[in-house]
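To start, the structure under review is shown below, and the notes come after it.
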Amino acid sequence: MKINAGEIRVGMLLEHKNDLWQVLKTQHVKPGKGGAFAQVEMKSLNKNTKLNERFRSSETVEKASLEEMNYNYLYEDENNYFFMEPKSFEQIEIKKSLIGEKGKLLTESLEVTVSFYNELPISVDLPKQIICKIETTDAALKGQTVSSSYKPAKLNNGLNIQVPPFIEAGDEIVIDTRNLEYIKKN
């Protein structure tokens with residue numbers, strides 16, 4: 001699907017120079033002399049390289065068309081996570097490197113959205129919020145102000161995050177899966 005350079009947004013996937021690029025930053029610039037343009041920073045999904053590209057406002061770029069499907073998480077092995085499509089029971093495997101740290105948040109039967117490009121999985125989106133249990137956390141220090149002090153905590157899935165001082169070991173908390181940050185106590 002062709003779009004104008006002015007419509008490029010962060011997070012979009014573009015087909016450019018025979019590769020698939022994810023937009024990291026975009027800035028619309030209107031210089032005093034000459035035509036307006038979009039300055040776009042992109043990251044290649046295949047080669048893991050970055051590219052800064054300048055598109056004139058009149059140019060069109062190819063937006064990648066993705067197919068999104070819901071899958072349930074099944075299990076993992078050394079290199080892959082395995083998912084099942086709930087209606088057809090078809091199973092797929094996705095490399096751990098594609099999901100990264102967020103893979104630790106996967107629990108049995110958790111529903112995720114998998115994005116496919118030309119029938120290849122390119123990203124896995126978890127629900128925006130997930131409930132986790134605190135395994136260990138440091139004791140809060142007396143005299144610290146509540147507003148700015150967070151302490152390190154280890155979750156039962158092995159992730160380390162920062163939590164407010166009133167959170168104790170054994171508490172259930174809700175975390176944001178996009179940035180792996182504490183939201184609230186459950």
Using a side-chain heavy atom cutoff under 4.5 Å and only I, L, V, M, F, W and Y, what cluster partners does [X] have?
X: Ile3; value: Met1, Ile8, Met12, Leu14, Trp21, Val23, Val40, Met42, Leu51, Phe55, Val61
X: Phe82; value: Leu74, Tyr75, Met84, Phe89
X: Val29; value: Phe37
X: Tyr117; value: Leu13, Leu20, Leu45, Leu66, Ile122

#### Entry: Side-chain donor or acceptor of Thr107 paired with backbone N/O of Leu110 under 3.5 Å
no
Not counting sequence neighbours, which residues clear salt bridge (charged side-chain N to carboxylate O under 4.0 Å, His left out) with [X]? List them please.
X: Glu62; value: Lys2
X: Lys102; value: none
X: Lys43; value: none
X: Lys133; value: none

Separation of [Y] [atom2] from [X] [atom1] (nearest 0.5 Å):
X: Glu93; Y: Leu98; atom1: CD; atom2: CG; answer: 12.5 Å
X: Ile134; Y: Ile167; atom1: CD1; atom2: CD1; answer: 6.0 Å
X: Ile94; Y: Lys96; atom1: CD1; atom2: NZ; answer: 13.0 Å

### Task
Please determine if Lys185 forms a cation-pi arrangement with Phe166, meaning its NZ or CZ atom is less than 6.0 Å from the six-membered ring centre and no more than 45° off the ring axis.
no
### Message
Under a plain distance cut-off of 3.5 Å, with no hydrogens placed, do Asn4 and Thr60 share a side-chain donor-acceptor pair?
### Response
no
### Summary
Residues at least two apart in sequence or cross-chain that pass side chain to side chain contact (heavy atoms under 4.5 Å, CB included) with Pro152, listed by chain then number, are Asp138, Gln162
### Task
Quick one: list whatever passes side-chain hydrogen bond (donor to acceptor under 3.5 Å, both in side chains) with Ser57, sequence neighbours left out.
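Here no residue qualifies.
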### Message
Holding to side-chain hydrogen bond (donor to acceptor under 3.5 Å, both in side chains), I want the full list of residues that pass it with Glu85, two or more places apart in sequence or in another chain.
### Response
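Glu85 satisfies side-chain hydrogen bond (donor to acceptor under 3.5 Å, both in side chains) with Ser88 once adjacent residues are dropped.
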### Query
Should Asn72 and Ser109 be marked as a side-chain hydrogen bond (donor to acceptor under 3.5 Å, both in side chains) after you check the CA-CA gap, both sets of side-chain angles, and the distance that decides it?
CA-CA 5 Å; Asn72 290 340; Ser109 299; 5.7 Å; no
### Message
Please list all pairs meeting ring pair (Phe, Tyr, Trp, His ring centres under 6.0 Å) that have one or both residues in residues 119-138, counting only residues at least two apart or in different chains.
### Response
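Matches after skipping sequence neighbours: none remain.
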#### Entry: SB check Lys17 Asp19 (cutoff 4.0 Å)
no
